Amino acid sequence: MLSPNLLDALADVVGRDALIARPGETRVYECDGWTMAKQVPDVVVLPQTTEQVAALARVLHRHHMPFVPRGAGTGLSGGCLPLEAPVMICTSRLKRIVEIDLVNRRAVVEAGVVNLAVTRAVAAHGLLYAPDPSSQSACTIGGNVAENSGGPHTLKYGVTTNHVLAVEIVLPDGEVVELGGAMEDVPGYDLRGLVVGAEGTFGIVTKATLRLVREPEQWRTLLGVFETVDDASNAVSGIIAAGIVPAALEMMDQLIVEAVEAAYHFGFPTDAGAVLIVELDGPAAELDTQMQAAIDVCRARGAREVRVAADEAERAALWKSRKRAFGAVGRLAPNYCTQDGVVPRTKVPDILRAIGAAAARHRLRIANVFHAGDGNIHPILLYDERDDDEVRRVIAAGQEILRACVELGGSITGEHGIGVEKINELPLIFGPQDLLVMQALRAVFDPDQRANPGKIFPTPGACVEITRPRKQASA
Ligand SMILES: Cc1cc2nc3c(=O)[nH]c(=O)nc-3n(C[C@H](O)[C@H](O)[C@H](O)COP(=O)(O)OP(=O)(O)OC[C@H]3O[C@@H](n4cnc5c(N)ncnc54)[C@H](O)[C@@H]3O)c2cc1C
C-alpha cells in the first residue's frame, strides 16, 4: 500500500478529485485489452497538464516510486499492467488539441487526445492524420506513440513513427524535454524515434507534433471473394508485385467472415474461403487504371467474385465491418486469444499454411483477420477456458505461430508491442548483446527503471507467468 504521505503529495499536485484510490474503482484499471494477467493499481492519477505530470514525476522520484503510464487501455500486450508500479498515471485528461497549422500541415496535440479526434479536427480542411488503428475511436495519441501503432491504411502511409515530428516527454525525474522538431529533418541523433515504440519505459509523453496529410482526391474500394485462403494470399503478393501500392489490403478468412456477417449483415459470402478488401486512393485520373489492374490480379489468382464499392456509403459499411470484426468473435467461441506476428508479405501464404497446420495439430479453430499487405497477421485462437486441455493447446499453438513467423524472416510483433505478453519470445529475435544495448539506451532516459517496470525486458520480481489465455480484442 502507498504511504499516506505519498498520496497527500500526489493530491497536492492534482487535487483529490483527480486521484482514484478506492478498490472498487481502481479495478477498472487492472488490465488493458490483453486480459491474461491482471493487477490492480494502488492509485490512478489523472493529471490535466504537462506541468502536473512533471510535478507528479518529481514526487515519485523523491519517493523512489515506480509508475506506469496509461492512455485508453486498449493495448493488446499488457503494456499498462501496473506490475511493481503501484502508481498509474493516466493521460486521458490531457486532451487539448493545442495547435493546428494548416499551412505546414501539422498539429500539436496532448497525449490523451483520441486518435480519431485529430482527423475530425482537420477533416473540414481536407486533411487527415494517417495512422488509423482499428481502435482509433478510443485509443490515445500517447498510446499510439508508445506502441508505434499501425492500422489498415499504414500499408501506404506508414506507421506512427512516420507521422510524429516531435514529442514532449516528462522523464522519470520530472524533467520535461522536447525531442524532434517541427522541421522534417532535425540535426543530431533521432531521440524522438527512440521514444516512439518505447512502450512507456522512457517516461510519460505529454504532447506530440503530428504530420497531417491531404485527404486523397478519391478512393476505390473492392471486395475480392476467393475459394481458398491460399488464392487470396497469392492475390496479395500479386497486387504488390504488379506495382500497385494500395492504401489498405486486408484479409478475412471464412470463420471470421461468418461471424462478421452474422453481426453486421454487410452481405459477405459466408461460403467463401477468404475475402480481401483492397482500397486504392489518390488522384482520380489514375485510380480507374489501377483498380482495373487490381481486379485483373484478383481474377487471375482465382477470385470467384470482385465487387467494387458503389459509393461512399458502401465503402463505409465495408470498413465498419472490418474494423469491428473483433467485436463479432464472441459469436464463435466463449473465449479467444489473438496473436500479433509479422512476416514479409511474400510469405503470407506460408504463414497462413503454418497457422492452418498448427490449428490441425492442436485440434483448434483459428480465425484470421489481418493487415495482409503488411504481412501483419492476427490469428484468433478460439477456445473455452473451462477446458484445461484446450487452453494448453492454445498456448502451444500461439507460441508455434510466433516461431514460424521468425523462421519465415518475420518478427514476434507487428504492432501490438512486447508489453508483458511477448517478453519470453524476445530471445527469438534478439541476442544477449542486443538486449544489453537496449537496456543501456533505456538507462539514458530512466536510470532507475521506474517507468513501466516489467515491460519489454524481464525485471526480477515483476514477471507474469502465462498459463491461461483469456478473451482478447485485436486489430
Ligand atoms: C479492437 C482493437 C483494435 C486494435 N487495432 C489496432 C490496430 O489496428 N493497430 C495497432 O497498432 N494497434 C491496435 N490495437 C491496439 C491498441 O489500440 C494500440 O496499441 C493503441 O496505440 C493503444 O493506445 P492506448 O491509448 O489505449 O494505450 P494504452 O493501452 O493505455 O497503453 C499502451 C502502452 O502505451 C503506454 N502509454 C500510454 N500512454 C502513454 C504516454 N502518454 N506516454 C508514455 N507511454 C504511454 C502504456 O504504458 C502502455 O505500455 C487495437 C486494440 C483494440 C482493442
Side-chain angles (χ1 to χ4, degrees), residues 29 31-35 41 44 47 50 53 57 66-83 85 88-95 109-117 131-155 159-161 164 167-172 195-208 248 250 319 322-329 338 340 342 369-371 374 376 378 380 413-421 445-446 451-456 471-475:
Y29 298 86
C31 66
D32 58 11
W34 184 78
T35 59
V44 180
T50 300
V53 175
F67 61 89
V68 54
R70 175 175 163 127
T74 68
L76 290 172
S77 56
C80 60
L81 195 66
L83 286 179
M88 179 176 277
I89 306 218
C90 187
T91 59
S92 54
R93 291 188 181 171
L94 287 161
K95 55 183 182 196
V109 306
E110 290 184 334
V113 169
V114 168
N115 173 299
L116 192 55
D132 63 336
S134 302
S135 53
Q136 69 183 144
S137 56
C139 65
T140 65
I141 292 298
N144 294 173
V145 168
E147 299 290 1
N148 191 18
S149 296
H153 289 86
T154 52
L155 169 61
V159 292
T160 299
T161 195
V164 173
V167 289
E168 177 186 85
I169 180 170
V170 175
L171 298 179
V195 170
V196 180
E199 301 191 24
T201 59
F202 286 3
I204 302 164
V205 172
T206 40
K207 279 194 199 105
E250 301 281 303
W319 277 115
R322 162 60 188 97
K323 291 203 172 189
R324 293 191 182 173
F326 282 83
V329 175
T338 312
D340 162 47
V342 66
V369 48
F370 63 105
H371 311 310
D374 298 322
N376 183 192
H378 292 317
I380 306 165
T413 171
E415 56 184 15
H416 297 167
I418 303 295
V420 288
E421 183 197 15
F445 292 84
D446 180 22
N452 213 1
K455 310 298 160 55
I456 309 182
K471 183 168 173 174
Q472 182 182 329
S474 189

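Since we're looking at a predicted model, the values are computed, not measured. All ligand and atom numbering here is 1-based and tracks the order in the structure. Count residues from 1 along the sequence.
Inclusion of Ile204 in the set of residues having an N or O under 3.5 Å from an N or O of ligand 1 is not warranted. At under 3.5 Å, a nitrogen or oxygen of Gly71, whether backbone or side chain, sits near a nitrogen or oxygen of ligand 1. Residue Pro69 places at least one N or O, backbone or side chain, under 3.5 Å from an N or O of ligand 1. Residue Gly75 has at least one nitrogen or oxygen atom sitting less than 3.5 Å from a nitrogen or oxygen atom of ligand 1, judged on distance alone. Inclusion of Cys139 in the set of residues having an N or O under 3.5 Å from an N or O of ligand 1 is not warranted.
Look at Gly419 and you'll find every heavy atom at least 4.0 Å from all atoms of ligand 1. At least one heavy atom of Pro133 sits less than 4.0 Å from an atom of ligand 1. At least one heavy atom of His371 sits less than 4.0 Å from an atom of ligand 1.
Proximity of Asn144 to ligand 1, defined as any heavy-atom pair under 4.0 Å, is shared by backbone and side chain alike. If you look at Glu415 next to ligand 1, the close heavy atoms, those under 4.0 Å, come from the backbone and the side chain alike.
No donor-acceptor pair closer than 3.5 Å links the side chain of Thr74 to the backbone N or O of Cys139. Under a 3.5 Å cut-off, the side chain of Thr338 and the backbone N or O of His378 do not form any donor-acceptor pair.
Distance check: Leu81 CG to Asn452 CG gives 9.0 Å after rounding to the nearest 0.5 Å.
Considering only heavy atoms from C-beta on, Asn144 stays 4.5 Å or farther from Pro131 through its side chain. Residues Ser77 and Glu147 are in side-chain contact: their nearest non-hydrogen atoms beyond the backbone lie under 4.5 Å apart. Residues Asp446 and Thr201 fail the side-chain proximity criterion, which asks for heavy atoms closer than 4.5 Å. Between Ser149 and Gln136, every side-chain heavy-atom pair lies at or beyond the 4.5 Å cut-off.
Ranked by closest heavy atom to atom 43 (C) of ligand 1, the top entry among Gly142, Gly203, Ala325 is Gly203. In this structure, of His416, Lys323, Glu110, the residue bringing a heavy atom nearest to atom 12 (N) of ligand 1 is His416. Looking at Ala208, Gly327, Gly79, Gly150, it is Gly150 that brings a heavy atom closest to atom 9 (N) of ligand 1.
Residues His371 and Glu415 bring a donor and an acceptor atom of their side chains to less than 3.5 Å of each other.
Look at Arg322 and Glu250 and you find a salt bridge, because one of the NZ, NE, NH1 or NH2 atoms lies within 4.0 Å of a carboxylate O, short of that distance. For the pair Arg70 and Asp32, the salt-bridge criterion is not met [side-chain N within less than 4.0 Å of a carboxylate O].
Close contacts of ligand 1 with Ser149, meaning ligand atoms under 4.0 Å from a residue heavy atom, involve 11 (O), 18 (C), 19 (O), 20 (C), 21 (O). The ligand atoms of ligand 1 that sit less than 4.0 angstrom from a heavy atom of Glu199 are 49 (O). When each atom of ligand 1 is checked for a heavy atom of Thr91 under 4.0 Å away, the hits are 41 (N). Below 4.0 Å from some heavy atom of Gly200 lie the following atoms of ligand 1, by number and element: 43 (C), 44 (N).
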